[in-house]
2 protein chains.
Amino acid sequence: MAAQRGEGDEVVTSPATTTPEPAADVRERARAIPEAAVARLAVYLRVLSGLGDQGVTTISSEELAGAAGVNSAKLRKDLSYIGSYGTRGVGYDVEVLVGHIERILGLTRKHSVAVVGIGNLGHALANYGGFGSRGFPVAALFDIDDDLTGVPVGGIPVHHIDDIVTVCTEREISIGVIATPPQAAQAVCDRLVSAGVQCILNFAPVVLQVPDNVEVRKVDLAVEMQILSFHVARRADEAAGDVVNGVGVDGVVIRP
Amino acid sequence: MAAQRGEGDEVVTSPATTTPEPAADVRERARAIPEAAVARLAVYLRVLSGLGDQGVTTISSEELAGAAGVNSAKLRKDLSYIGSYGTRGVGYDVEVLVGHIERILGLTRKHSVAVVGIGNLGHALANYGGFGSRGFPVAALFDIDDDLTGVPVGGIPVHHIDDIVTVCTEREISIGVIATPPQAAQAVCDRLVSAGVQCILNFAPVVLQVPDNVEVRKVDLAVEMQILSFHVARRADEAAGDVVNGVGVDGVVIRP
DNA sequence: CGATGTGAAGCCATTCACAGCA
DNA sequence: TGCTGTGAATGGCTTCACATCG
(Lines give C-alpha, C1' and ligand atoms only; values in the text may rest on other atoms or scores of the structure.)
Protein backbone atom coordinates (compact mmCIF):
# COMPACT_ATOMS: atom_id res chain seq x y z
CA MET A 1 0.00 0.00 0.00
CA ALA A 2 1.30 3.37 -1.00
CA ALA A 3 1.24 6.26 1.44
CA GLN A 4 -0.64 9.32 0.28
CA ARG A 5 0.92 12.64 -0.45
CA GLY A 6 -0.27 16.07 0.43
CA GLU A 7 0.75 19.14 2.39
CA GLY A 8 4.45 19.02 3.14
CA ASP A 9 4.62 15.29 2.71
CA GLU A 10 7.45 13.11 1.59
CA VAL A 11 8.30 13.70 -2.00
CA VAL A 12 10.06 10.61 -3.20
CA THR A 13 9.79 9.85 -6.90
CA SER A 14 9.36 6.08 -6.75
CA PRO A 15 12.91 5.11 -5.72
CA ALA A 16 12.33 1.38 -6.09
CA THR A 17 11.23 1.49 -9.72
CA THR A 18 13.95 0.05 -11.91
CA THR A 19 14.78 1.49 -15.32
CA PRO A 20 14.74 -1.51 -17.65
CA GLU A 21 14.81 0.09 -21.11
CA PRO A 22 17.60 2.61 -21.76
CA ALA A 23 15.62 4.73 -24.25
CA ALA A 24 12.00 6.00 -24.16
CA ASP A 25 12.47 9.76 -24.03
CA VAL A 26 9.20 11.32 -23.02
CA ARG A 27 8.13 8.88 -20.37
CA GLU A 28 11.64 8.96 -18.97
CA ARG A 29 11.37 12.72 -18.94
CA ALA A 30 7.96 12.63 -17.28
CA ARG A 31 9.27 10.19 -14.71
CA ALA A 32 12.23 12.45 -14.00
CA ILE A 33 10.20 15.50 -13.01
CA PRO A 34 10.41 15.92 -9.24
CA GLU A 35 7.04 15.84 -7.52
CA ALA A 36 7.65 19.30 -6.08
CA ALA A 37 8.26 20.65 -9.57
CA VAL A 38 5.00 19.17 -10.84
CA ALA A 39 3.07 21.09 -8.20
CA ARG A 40 4.80 24.30 -9.25
CA LEU A 41 4.24 23.67 -12.94
CA ALA A 42 0.51 23.71 -12.21
CA VAL A 43 0.97 27.11 -10.58
CA TYR A 44 3.01 28.45 -13.49
CA LEU A 45 0.27 27.24 -15.80
CA ARG A 46 -2.36 29.20 -13.93
CA VAL A 47 -0.27 32.35 -13.94
CA LEU A 48 0.59 31.95 -17.61
CA SER A 49 -3.06 31.42 -18.55
CA GLY A 50 -3.95 34.63 -16.75
CA LEU A 51 -1.16 36.51 -18.52
CA GLY A 52 -2.23 35.08 -21.85
CA ASP A 53 -5.77 36.32 -21.30
CA GLN A 54 -4.33 39.75 -20.59
CA GLY A 55 -2.60 39.70 -23.95
CA VAL A 56 0.94 39.09 -22.71
CA THR A 57 2.82 37.06 -25.32
CA THR A 58 6.34 36.84 -23.90
CA ILE A 59 7.71 36.68 -20.38
CA SER A 60 11.12 36.33 -18.77
CA SER A 61 11.94 33.80 -16.07
CA GLU A 62 12.40 36.66 -13.64
CA GLU A 63 8.92 38.06 -14.24
CA LEU A 64 7.14 34.73 -14.27
CA ALA A 65 8.96 33.67 -11.13
CA GLY A 66 7.84 36.84 -9.39
CA ALA A 67 4.23 36.27 -10.37
CA ALA A 68 4.37 32.65 -9.22
CA GLY A 69 6.11 33.39 -5.94
CA VAL A 70 9.31 31.43 -6.55
CA ASN A 71 12.85 32.46 -7.41
CA SER A 72 13.88 32.54 -11.02
CA ALA A 73 16.55 29.84 -10.83
CA LYS A 74 14.01 27.38 -9.53
CA LEU A 75 11.57 28.36 -12.22
CA ARG A 76 14.12 27.84 -14.96
CA LYS A 77 15.13 24.48 -13.57
CA ASP A 78 11.48 23.43 -13.35
CA LEU A 79 10.91 24.43 -16.95
CA SER A 80 14.09 22.68 -18.01
CA TYR A 81 12.57 19.39 -16.80
CA ILE A 82 9.95 19.64 -19.53
CA GLY A 83 12.29 20.83 -22.29
CA SER A 84 14.00 23.92 -23.66
CA TYR A 85 11.26 26.14 -24.90
CA GLY A 86 12.69 29.57 -24.10
CA THR A 87 14.64 32.01 -26.22
CA ARG A 88 17.94 33.17 -24.75
CA GLY A 89 18.12 36.88 -24.34
CA VAL A 90 14.34 37.13 -24.65
CA GLY A 91 12.29 34.80 -22.48
CA TYR A 92 9.42 32.40 -22.96
CA ASP A 93 6.48 32.53 -25.35
CA VAL A 94 3.44 32.38 -23.10
CA GLU A 95 1.28 30.35 -25.45
CA VAL A 96 3.99 27.83 -26.23
CA LEU A 97 4.75 27.32 -22.56
CA VAL A 98 1.08 26.88 -21.71
CA GLY A 99 0.83 24.19 -24.35
CA HIS A 100 3.85 22.28 -23.12
CA ILE A 101 2.89 22.41 -19.46
CA GLU A 102 -0.64 21.25 -20.29
CA ARG A 103 0.80 18.36 -22.26
CA ILE A 104 3.14 17.31 -19.47
CA LEU A 105 0.39 17.55 -16.86
CA GLY A 106 -1.84 15.41 -19.04
CA LEU A 107 -4.43 18.15 -19.42
CA THR A 108 -4.96 17.43 -23.10
CA ARG A 109 -7.17 14.59 -21.96
CA LYS A 110 -10.40 15.04 -20.03
CA HIS A 111 -10.42 13.57 -16.56
CA SER A 112 -13.89 12.81 -15.29
CA VAL A 113 -14.33 13.32 -11.58
CA ALA A 114 -16.65 11.65 -9.11
CA VAL A 115 -17.41 13.30 -5.78
CA VAL A 116 -18.46 11.02 -2.95
CA GLY A 117 -20.15 12.49 0.11
CA ILE A 118 -22.53 15.32 -0.64
CA GLY A 119 -22.39 17.15 2.67
CA ASN A 120 -21.26 20.76 3.02
CA LEU A 121 -17.96 20.19 1.34
CA GLY A 122 -19.35 17.85 -1.31
CA HIS A 123 -21.95 20.46 -2.22
CA ALA A 124 -19.26 23.08 -2.49
CA LEU A 125 -17.16 20.83 -4.71
CA ALA A 126 -20.11 19.88 -6.92
CA ASN A 127 -20.99 23.52 -7.42
CA TYR A 128 -17.41 24.68 -7.79
CA GLY A 129 -17.08 25.73 -11.40
CA GLY A 130 -13.30 25.68 -11.28
CA PHE A 131 -13.22 21.95 -11.95
CA GLY A 132 -15.19 21.72 -15.17
CA SER A 133 -13.61 24.81 -16.68
CA ARG A 134 -10.16 23.39 -16.12
CA GLY A 135 -10.71 20.05 -17.79
CA PHE A 136 -12.03 18.11 -14.82
CA PRO A 137 -15.76 17.69 -15.41
CA VAL A 138 -17.64 16.43 -12.36
CA ALA A 139 -19.39 13.45 -13.92
CA ALA A 140 -20.92 11.70 -10.93
CA LEU A 141 -22.00 12.35 -7.36
CA PHE A 142 -22.61 9.80 -4.61
CA ASP A 143 -24.01 9.79 -1.12
CA ILE A 144 -25.23 7.21 1.36
CA ASP A 145 -28.35 9.22 2.20
CA ASP A 146 -31.43 7.99 0.33
CA ASP A 147 -33.04 11.42 0.67
CA LEU A 148 -30.30 12.84 -1.55
CA THR A 149 -30.21 10.19 -4.26
CA GLY A 150 -31.89 11.31 -7.44
CA VAL A 151 -31.82 14.96 -6.35
CA PRO A 152 -29.53 16.95 -8.66
CA VAL A 153 -26.77 19.02 -7.06
CA GLY A 154 -25.10 21.53 -9.31
CA GLY A 155 -27.01 19.96 -12.19
CA ILE A 156 -25.75 16.42 -11.54
CA PRO A 157 -27.98 13.76 -10.00
CA VAL A 158 -26.76 12.07 -6.83
CA HIS A 159 -26.39 8.28 -6.85
CA HIS A 160 -26.27 5.94 -3.91
CA ILE A 161 -22.77 4.87 -2.90
CA ASP A 162 -23.74 1.27 -3.59
CA ASP A 163 -23.66 2.23 -7.27
CA ILE A 164 -20.11 3.58 -7.21
CA VAL A 165 -18.59 0.63 -9.04
CA THR A 166 -21.27 0.49 -11.76
CA VAL A 167 -21.51 4.22 -12.42
CA CYS A 168 -17.79 4.99 -12.19
CA THR A 169 -16.88 2.15 -14.51
CA GLU A 170 -19.55 3.17 -17.00
CA ARG A 171 -18.56 6.86 -17.00
CA GLU A 172 -14.85 6.16 -17.03
CA ILE A 173 -14.14 8.16 -13.90
CA SER A 174 -10.43 8.75 -13.52
CA ILE A 175 -10.37 10.79 -10.31
CA GLY A 176 -12.39 10.14 -7.19
CA VAL A 177 -12.90 12.82 -4.56
CA ILE A 178 -13.73 11.63 -1.07
CA ALA A 179 -15.65 14.17 1.01
CA THR A 180 -17.32 11.76 3.41
CA PRO A 181 -17.05 11.55 7.18
CA PRO A 182 -13.85 9.76 8.23
CA GLN A 183 -15.60 6.52 9.21
CA ALA A 184 -16.90 6.01 5.70
CA ALA A 185 -13.78 7.01 3.80
CA GLN A 186 -11.94 3.69 3.60
CA ALA A 187 -15.01 1.78 2.40
CA VAL A 188 -15.69 4.43 -0.22
CA CYS A 189 -12.07 4.33 -1.25
CA ASP A 190 -12.19 0.57 -1.68
CA ARG A 191 -15.20 0.89 -3.96
CA LEU A 192 -13.56 3.57 -6.05
CA VAL A 193 -10.52 1.35 -6.42
CA SER A 194 -12.75 -1.57 -7.43
CA ALA A 195 -14.23 0.70 -10.08
CA GLY A 196 -10.78 1.18 -11.53
CA VAL A 197 -10.23 4.72 -10.26
CA GLN A 198 -6.47 5.24 -9.99
CA CYS A 199 -6.33 8.69 -8.44
CA ILE A 200 -8.03 9.85 -5.29
CA LEU A 201 -8.26 13.23 -3.64
CA ASN A 202 -9.11 12.64 -0.01
CA PHE A 203 -10.65 15.30 2.22
CA ALA A 204 -11.46 12.89 5.03
CA PRO A 205 -9.04 12.99 7.95
CA VAL A 206 -7.92 9.37 7.70
CA VAL A 207 -4.95 7.57 6.18
CA LEU A 208 -6.34 5.54 3.31
CA GLN A 209 -4.96 2.11 2.50
CA VAL A 210 -4.72 1.62 -1.25
CA PRO A 211 -2.88 -0.66 -3.68
CA ASP A 212 0.44 0.56 -5.03
CA ASN A 213 -1.03 1.48 -8.39
CA VAL A 214 -3.41 4.03 -6.90
CA GLU A 215 -2.26 7.59 -6.23
CA VAL A 216 -3.76 9.37 -3.25
CA ARG A 217 -3.44 13.02 -2.38
CA LYS A 218 -4.94 14.35 0.78
CA VAL A 219 -6.21 17.71 1.89
CA ASP A 220 -6.66 17.87 5.63
CA LEU A 221 -7.96 21.16 6.90
CA ALA A 222 -7.25 20.33 10.52
CA VAL A 223 -3.64 19.54 9.68
CA GLU A 224 -3.30 22.82 7.77
CA MET A 225 -4.65 24.73 10.74
CA GLN A 226 -2.33 22.93 13.11
CA ILE A 227 0.68 23.73 10.98
CA LEU A 228 -0.33 27.39 11.13
CA SER A 229 -0.84 27.03 14.88
CA PHE A 230 2.70 25.73 15.18
CA HIS A 231 3.99 28.84 13.48
CA VAL A 232 1.90 31.11 15.69
CA ALA A 233 3.35 29.34 18.72
CA ARG A 234 6.90 29.52 17.40
CA ARG A 235 6.56 33.23 16.76
CA ALA A 236 5.05 33.84 20.16
CA ASP A 237 7.95 31.94 21.70
CA GLU A 238 10.54 33.90 19.84
CA ALA A 239 8.91 37.18 20.75
CA ALA A 240 8.41 36.22 24.39
CA GLY A 241 11.79 34.56 24.63
CA ASP A 242 13.55 37.71 23.53
CA VAL A 243 12.08 39.56 26.50
CA VAL A 244 11.44 37.11 29.34
CA ASN A 245 14.25 34.63 28.87
CA GLY A 246 14.27 31.25 30.52
CA VAL A 247 10.55 30.64 30.24
CA GLY A 248 8.92 29.00 27.22
CA VAL A 249 5.38 28.27 26.06
CA ASP A 250 2.62 27.99 28.61
CA GLY A 251 4.88 29.13 31.35
CA VAL A 252 6.97 25.96 31.18
CA VAL A 253 10.31 26.77 32.78
CA ILE A 254 13.08 26.00 30.37
CA ARG A 255 16.07 26.60 32.63
CA PRO A 256 14.91 25.89 36.19
CA MET B 1 7.30 39.14 0.93
CA ALA B 2 7.38 35.49 1.84
CA ALA B 3 6.16 32.86 -0.59
CA GLN B 4 3.35 30.69 0.67
CA ARG B 5 3.66 27.01 1.34
CA GLY B 6 1.28 24.23 0.48
CA GLU B 7 1.09 21.06 -1.54
CA GLY B 8 4.57 19.89 -2.39
CA ASP B 9 6.04 23.30 -1.93
CA GLU B 10 9.49 24.32 -0.88
CA VAL B 11 10.22 23.43 2.68
CA VAL B 12 12.96 25.75 3.79
CA THR B 13 13.10 26.51 7.48
CA SER B 14 13.79 30.25 7.29
CA PRO B 15 17.39 30.14 6.12
CA ALA B 16 17.93 33.87 6.48
CA THR B 17 16.98 34.04 10.17
CA THR B 18 20.09 34.46 12.25
CA THR B 19 20.56 32.75 15.59
CA PRO B 20 21.76 35.49 17.90
CA GLU B 21 21.52 33.85 21.34
CA PRO B 22 23.31 30.52 21.77
CA ALA B 23 20.94 29.11 24.43
CA ALA B 24 17.12 29.12 24.64
CA ASP B 25 16.22 25.43 24.57
CA VAL B 26 12.57 25.09 23.65
CA ARG B 27 12.36 27.76 21.03
CA GLU B 28 15.56 26.41 19.52
CA ARG B 29 13.95 23.00 19.52
CA ALA B 30 10.74 24.31 17.97
CA ARG B 31 12.72 26.14 15.34
CA ALA B 32 14.67 23.01 14.56
CA ILE B 33 11.65 20.88 13.67
CA PRO B 34 11.56 20.43 9.89
CA GLU B 35 8.40 21.74 8.25
CA ALA B 36 7.71 18.29 6.82
CA ALA B 37 7.88 16.80 10.29
CA VAL B 38 5.41 19.34 11.66
CA ALA B 39 2.84 18.26 9.08
CA ARG B 40 3.31 14.65 10.08
CA LEU B 41 3.13 15.41 13.79
CA ALA B 42 -0.37 16.70 13.17
CA VAL B 43 -1.23 13.38 11.55
CA TYR B 44 0.28 11.38 14.40
CA LEU B 45 -1.76 13.47 16.80
CA ARG B 46 -4.98 12.62 15.01
CA VAL B 47 -4.16 8.92 14.95
CA LEU B 48 -3.11 8.95 18.60
CA SER B 49 -6.29 10.75 19.65
CA GLY B 50 -8.31 8.09 17.88
CA LEU B 51 -6.35 5.33 19.58
CA GLY B 52 -6.72 7.02 22.93
CA ASP B 53 -10.49 7.12 22.48
CA GLN B 54 -10.42 3.41 21.76
CA GLY B 55 -8.69 2.81 25.04
CA VAL B 56 -5.20 2.10 23.70
CA THR B 57 -2.64 3.28 26.25
CA THR B 58 0.68 2.26 24.71
CA ILE B 59 1.91 1.95 21.15
CA SER B 60 5.18 1.08 19.42
CA SER B 61 6.77 3.17 16.71
CA GLU B 62 6.10 0.35 14.26
CA GLU B 63 2.37 0.28 14.97
CA LEU B 64 1.90 4.03 15.05
CA ALA B 65 3.89 4.39 11.85
CA GLY B 66 1.64 1.86 10.14
CA ALA B 67 -1.49 3.68 11.24
CA ALA B 68 -0.08 7.01 10.08
CA GLY B 69 1.16 5.71 6.75
CA VAL B 70 4.88 6.40 7.26
CA ASN B 71 7.84 4.17 8.02
CA SER B 72 8.88 3.67 11.61
CA ALA B 73 12.33 5.24 11.31
CA LYS B 74 10.81 8.47 10.09
CA LEU B 75 8.26 8.42 12.86
CA ARG B 76 10.92 7.94 15.53
CA LYS B 77 13.00 10.73 14.10
CA ASP B 78 9.98 13.02 14.00
CA LEU B 79 9.19 12.26 17.61
CA SER B 80 12.82 12.74 18.57
CA TYR B 81 12.55 16.36 17.39
CA ILE B 82 10.10 17.05 20.20
CA GLY B 83 11.95 15.08 22.86
CA SER B 84 12.48 11.57 24.21
CA TYR B 85 9.15 10.46 25.55
CA GLY B 86 9.24 6.76 24.69
CA THR B 87 10.25 3.77 26.78
CA ARG B 88 12.87 1.53 25.21
CA GLY B 89 11.67 -2.00 24.76
CA VAL B 90 8.08 -0.88 25.22
CA GLY B 91 6.92 2.04 23.11
CA TYR B 92 5.13 5.31 23.68
CA ASP B 93 2.41 6.22 26.14
CA VAL B 94 -0.44 7.46 23.99
CA GLU B 95 -1.66 10.11 26.39
CA VAL B 96 1.80 11.49 27.10
CA LEU B 97 2.59 11.72 23.41
CA VAL B 98 -0.71 13.47 22.65
CA GLY B 99 0.11 16.03 25.30
CA HIS B 100 3.58 16.74 23.97
CA ILE B 101 2.52 17.00 20.34
CA GLU B 102 -0.31 19.33 21.27
CA ARG B 103 2.11 21.49 23.19
CA ILE B 104 4.59 21.66 20.33
CA LEU B 105 1.86 22.45 17.81
CA GLY B 106 0.62 25.25 20.04
CA LEU B 107 -2.77 23.62 20.51
CA THR B 108 -2.89 24.45 24.19
CA ARG B 109 -3.96 27.89 23.12
CA LYS B 110 -7.19 28.66 21.30
CA HIS B 111 -6.77 30.08 17.83
CA SER B 112 -9.76 32.04 16.67
CA VAL B 113 -10.47 31.78 12.97
CA ALA B 114 -12.11 34.19 10.56
CA VAL B 115 -13.52 32.95 7.28
CA VAL B 116 -13.76 35.48 4.45
CA GLY B 117 -15.94 34.74 1.46
CA ILE B 118 -19.17 32.95 2.30
CA GLY B 119 -19.80 31.21 -1.00
CA ASN B 120 -20.08 27.46 -1.37
CA LEU B 121 -16.73 26.78 0.21
CA GLY B 122 -17.11 29.44 2.88
CA HIS B 123 -20.44 27.94 3.88
CA ALA B 124 -18.88 24.52 4.08
CA LEU B 125 -16.05 25.85 6.23
CA ALA B 126 -18.38 27.79 8.53
CA ASN B 127 -20.52 24.70 9.06
CA TYR B 128 -17.58 22.33 9.33
CA GLY B 129 -17.56 21.19 12.93
CA GLY B 130 -14.01 19.87 12.70
CA PHE B 131 -12.55 23.30 13.35
CA GLY B 132 -14.21 24.22 16.62
CA SER B 133 -13.81 20.76 18.09
CA ARG B 134 -10.10 20.84 17.41
CA GLY B 135 -9.36 24.14 19.09
CA PHE B 136 -9.96 26.44 16.16
CA PRO B 137 -13.27 28.19 16.85
CA VAL B 138 -14.66 30.07 13.87
CA ALA B 139 -15.16 33.46 15.47
CA ALA B 140 -16.05 35.68 12.52
CA LEU B 141 -17.41 35.48 8.99
CA PHE B 142 -17.11 38.09 6.25
CA ASP B 143 -18.53 38.63 2.80
CA ILE B 144 -18.80 41.50 0.35
CA ASP B 145 -22.46 40.77 -0.39
CA ASP B 146 -24.83 43.03 1.58
CA ASP B 147 -27.58 40.42 1.30
CA LEU B 148 -25.49 38.10 3.43
CA THR B 149 -24.35 40.51 6.12
CA GLY B 150 -26.23 40.02 9.36
CA VAL B 151 -27.53 36.63 8.31
CA PRO B 152 -26.05 33.94 10.52
CA VAL B 153 -24.27 31.01 8.86
CA GLY B 154 -23.58 28.03 11.07
CA GLY B 155 -24.70 30.18 14.00
CA ILE B 156 -22.28 33.02 13.31
CA PRO B 157 -23.41 36.34 11.82
CA VAL B 158 -21.74 37.49 8.61
CA HIS B 159 -20.02 40.87 8.60
CA HIS B 160 -19.14 43.03 5.64
CA ILE B 161 -15.54 42.76 4.51
CA ASP B 162 -15.12 46.47 5.23
CA ASP B 163 -15.28 45.51 8.90
CA ILE B 164 -12.46 42.97 8.74
CA VAL B 165 -9.93 45.16 10.53
CA THR B 166 -12.29 46.24 13.32
CA VAL B 167 -13.84 42.85 14.00
CA CYS B 168 -10.67 40.80 13.66
CA THR B 169 -8.71 43.08 15.93
CA GLU B 170 -11.49 43.07 18.51
CA ARG B 171 -11.91 39.29 18.49
CA GLU B 172 -8.19 38.57 18.41
CA ILE B 173 -8.37 36.48 15.28
CA SER B 174 -5.13 34.61 14.77
CA ILE B 175 -5.92 32.70 11.59
CA GLY B 176 -7.64 34.07 8.51
CA VAL B 177 -9.17 31.77 5.91
CA ILE B 178 -9.63 33.21 2.44
CA ALA B 179 -12.40 31.55 0.44
CA THR B 180 -13.16 34.41 -1.92
CA PRO B 181 -12.95 34.56 -5.71
CA PRO B 182 -9.34 35.05 -6.85
CA GLN B 183 -9.83 38.71 -7.80
CA ALA B 184 -10.75 39.65 -4.24
CA ALA B 185 -8.16 37.56 -2.45
CA GLN B 186 -5.24 40.00 -2.32
CA ALA B 187 -7.36 42.88 -1.04
CA VAL B 188 -8.87 40.64 1.64
CA CYS B 189 -5.42 39.39 2.54
CA ASP B 190 -4.16 42.96 2.95
CA ARG B 191 -7.01 43.72 5.33
CA LEU B 192 -6.40 40.62 7.38
CA VAL B 193 -2.75 41.58 7.64
CA SER B 194 -3.74 45.09 8.71
CA ALA B 195 -5.85 43.52 11.42
CA GLY B 196 -2.76 41.79 12.77
CA VAL B 197 -3.58 38.30 11.49
CA GLN B 198 -0.28 36.46 11.11
CA CYS B 199 -1.45 33.22 9.57
CA ILE B 200 -3.55 32.78 6.47
CA LEU B 201 -5.03 29.71 4.85
CA ASN B 202 -5.72 30.60 1.24
CA PHE B 203 -8.19 28.70 -0.93
CA ALA B 204 -8.16 31.25 -3.72
CA PRO B 205 -6.04 30.31 -6.72
CA VAL B 206 -3.67 33.26 -6.51
CA VAL B 207 -0.21 33.87 -5.11
CA LEU B 208 -0.67 36.24 -2.20
CA GLN B 209 1.88 38.93 -1.44
CA VAL B 210 2.40 39.28 2.29
CA PRO B 211 5.01 40.73 4.65
CA ASP B 212 7.71 38.38 5.90
CA ASN B 213 6.11 38.03 9.31
CA VAL B 214 2.92 36.51 7.91
CA GLU B 215 2.67 32.80 7.22
CA VAL B 216 0.54 31.71 4.29
CA ARG B 217 -0.51 28.19 3.43
CA LYS B 218 -2.48 27.52 0.31
CA VAL B 219 -4.90 24.84 -0.73
CA ASP B 220 -5.51 24.88 -4.45
CA LEU B 221 -7.96 22.28 -5.65
CA ALA B 222 -7.12 22.81 -9.31
CA VAL B 223 -3.44 22.23 -8.58
CA GLU B 224 -4.25 19.05 -6.67
CA MET B 225 -6.30 17.78 -9.58
CA GLN B 226 -3.55 18.62 -12.04
CA ILE B 227 -0.97 16.76 -9.99
CA LEU B 228 -3.23 13.72 -10.08
CA SER B 229 -3.70 14.27 -13.80
CA PHE B 230 0.06 14.20 -14.23
CA HIS B 231 0.18 10.82 -12.55
CA VAL B 232 -2.66 9.47 -14.67
CA ALA B 233 -0.74 10.59 -17.76
CA ARG B 234 2.53 9.15 -16.54
CA ARG B 235 0.90 5.81 -15.85
CA ALA B 236 -0.84 5.80 -19.20
CA ASP B 237 2.51 6.50 -20.84
CA GLU B 238 4.28 3.74 -19.01
CA ALA B 239 1.53 1.26 -19.82
CA ALA B 240 1.30 2.33 -23.46
CA GLY B 241 5.05 2.59 -23.82
CA ASP B 242 5.54 -0.98 -22.67
CA VAL B 243 3.37 -2.22 -25.53
CA VAL B 244 3.56 0.26 -28.40
CA ASN B 245 7.10 1.50 -28.06
CA GLY B 246 8.36 4.59 -29.80
CA VAL B 247 5.17 6.60 -29.40
CA GLY B 248 4.45 8.81 -26.39
CA VAL B 249 1.55 10.87 -25.11
CA ASP B 250 -1.02 12.15 -27.58
CA GLY B 251 0.54 10.20 -30.39
CA VAL B 252 3.72 12.27 -30.31
CA VAL B 253 6.39 10.20 -31.99
CA ILE B 254 9.33 9.76 -29.68
CA ARG B 255 11.74 8.02 -32.00
CA PRO B 256 10.82 9.07 -35.56
C1' DC C 1 15.51 -9.01 24.76
C1' DG C 2 13.17 -5.61 22.24
C1' DA C 3 12.14 -1.03 20.95
C1' DT C 4 13.79 3.65 21.25
C1' DG C 5 16.85 7.33 19.91
C1' DT C 6 20.39 8.96 16.90
C1' DG C 7 24.94 9.56 14.31
C1' DA C 8 26.09 8.73 9.59
C1' DA C 9 25.08 7.93 4.83
C1' DG C 10 22.38 8.66 0.91
C1' DC C 11 19.13 10.98 -1.74
C1' DC C 12 16.38 14.95 -3.43
C1' DA C 13 15.69 19.42 -4.12
C1' DT C 14 17.18 24.16 -4.13
C1' DT C 15 20.50 27.54 -5.14
C1' DC C 16 24.58 29.27 -7.33
C1' DA C 17 27.09 30.81 -11.00
C1' DC C 18 28.36 30.83 -15.54
C1' DA C 19 28.72 28.86 -20.28
C1' DG C 20 26.09 29.22 -24.35
C1' DC C 21 23.13 31.13 -27.53
C1' DA C 22 19.78 34.55 -29.85
C1' DT D 1 24.23 42.32 -24.43
C1' DG D 2 20.71 39.76 -21.89
C1' DC D 3 18.52 35.79 -20.57
C1' DT D 4 18.15 30.91 -20.84
C1' DG D 5 19.72 26.32 -19.59
C1' DT D 6 22.49 23.57 -16.66
C1' DG D 7 26.65 21.40 -14.18
C1' DA D 8 28.27 21.88 -9.60
C1' DA D 9 27.71 23.11 -4.86
C1' DT D 10 24.82 23.31 -1.01
C1' DG D 11 21.44 22.15 2.33
C1' DG D 12 17.49 19.35 4.14
C1' DC D 13 15.01 15.31 4.64
C1' DT D 14 14.87 10.38 4.69
C1' DT D 15 16.75 6.01 5.50
C1' DC D 16 19.96 2.93 7.57
C1' DA D 17 21.90 0.58 11.17
C1' DC D 18 23.21 0.10 15.67
C1' DA D 19 24.41 1.69 20.36
C1' DT D 20 21.61 2.33 24.25
C1' DC D 21 18.69 1.49 27.85
C1' DG D 22 14.29 -0.02 30.29
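By convention in this document, chain letters (A, B, ...) are assigned in the order of the sequence lines, proteins followed by strands, and residues within each chain are numbered from 1. Remember, it's a predicted structure, so these values are computed and weren't measured experimentally.
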Rounded to the nearest angstrom, tell me the gap between atom [atom1] in [X] and atom [atom2] in [N].
| X | N | atom1 | atom2 | result |
| --- | --- | --- | --- | --- |
| B/Tyr44 | C/dT4 | OH | P | 13 Å |
| B/Asn71 | D/dT14 | CG | P | 10 Å |
| B/Leu64 | C/dT4 | CG | C1' | 13 Å |
| B/Leu97 | C/dG5 | CG | C1' | 14 Å |
| B/His100 | C/dG5 | NE2 | P | 11 Å |
| A/Glu62 | C/dA17 | CD | P | 15 Å |
| A/Arg40 | C/dC12 | CZ | P | 16 Å |
| A/Lys74 | C/dA17 | NZ | P | 17 Å |

For B/Glu224 and B/Asp220, what are the C-alpha separation, side-chain angles and deciding distance, and is it a side-chain contact (heavy atoms from CB on, under 4.5 Å)?
-> CA-CA 6 Å; B/Glu224 295 296 329; B/Asp220 187 326; 6.0 Å; no
Please determine if B/Arg217 and B/Glu35 form a salt bridge, counting it only when a charged side-chain N lies under 4.0 Å from a carboxylate O.
-> yes
If you take all heavy atoms of B/Pro182 and B/Ala204, which pair is closest and at what distance?
->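 Closest approach of B/Pro182 to B/Ala204, heavy atoms only: CA-CB, 4.2 Å.
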Contact check, side chains of A/Thr87 and A/Tyr92, non-hydrogen atoms, under 4.5 Å =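 With C-beta onward as the side chain, the pair stays apart.
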Less than 4.5 Å apart, any side-chain heavy atom of B/Gln226 and any of A/Arg46?
->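 With C-beta onward as the side chain, the pair stays apart.
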Between D/dT14, C/dG5, C/dA22, which nucleotide gets closest to the side-chain atoms of A/Thr87?
->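 Output: C/dA22.
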Kindly point out which of D/dC13, D/dT6, C/dA13 is positioned nearest to the side chain of A/Ser80?
->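 The answer is D/dT6.
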C/dG5 phosphate, OP1 or OP2, under 4.0 Å from B/Tyr92 side-chain N/O = yes
Compare side-chain N and O positions of B/Ser61 against OP1 and OP2 of C/dT4 and report whether any pair is under 4.0 Å apart.
->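 Looking at the OP1 and OP2 atoms of C/dT4, one of them is under 4.0 Å from a side-chain N or O of B/Ser61.
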More 5' along DNA chain C: B/Ile59 or B/Lys77, using each one's nearest nucleotide?
->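 Going by which nucleotide is closer to the 5' end, it is B/Ile59.
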Between A/Arg76 and B/Arg76, whichever has its closest DNA chain C nucleotide further toward 5' is B/Arg76
Earlier contact from the 5' end, DNA chain D, for A/Ala73 and A/Gly89 | A/Gly89
Looking only at N and O atoms, is any donor in the side chain of B/Arg88 or the base of C/dG2 less than 3.5 Å from an acceptor on the other one?
-> no
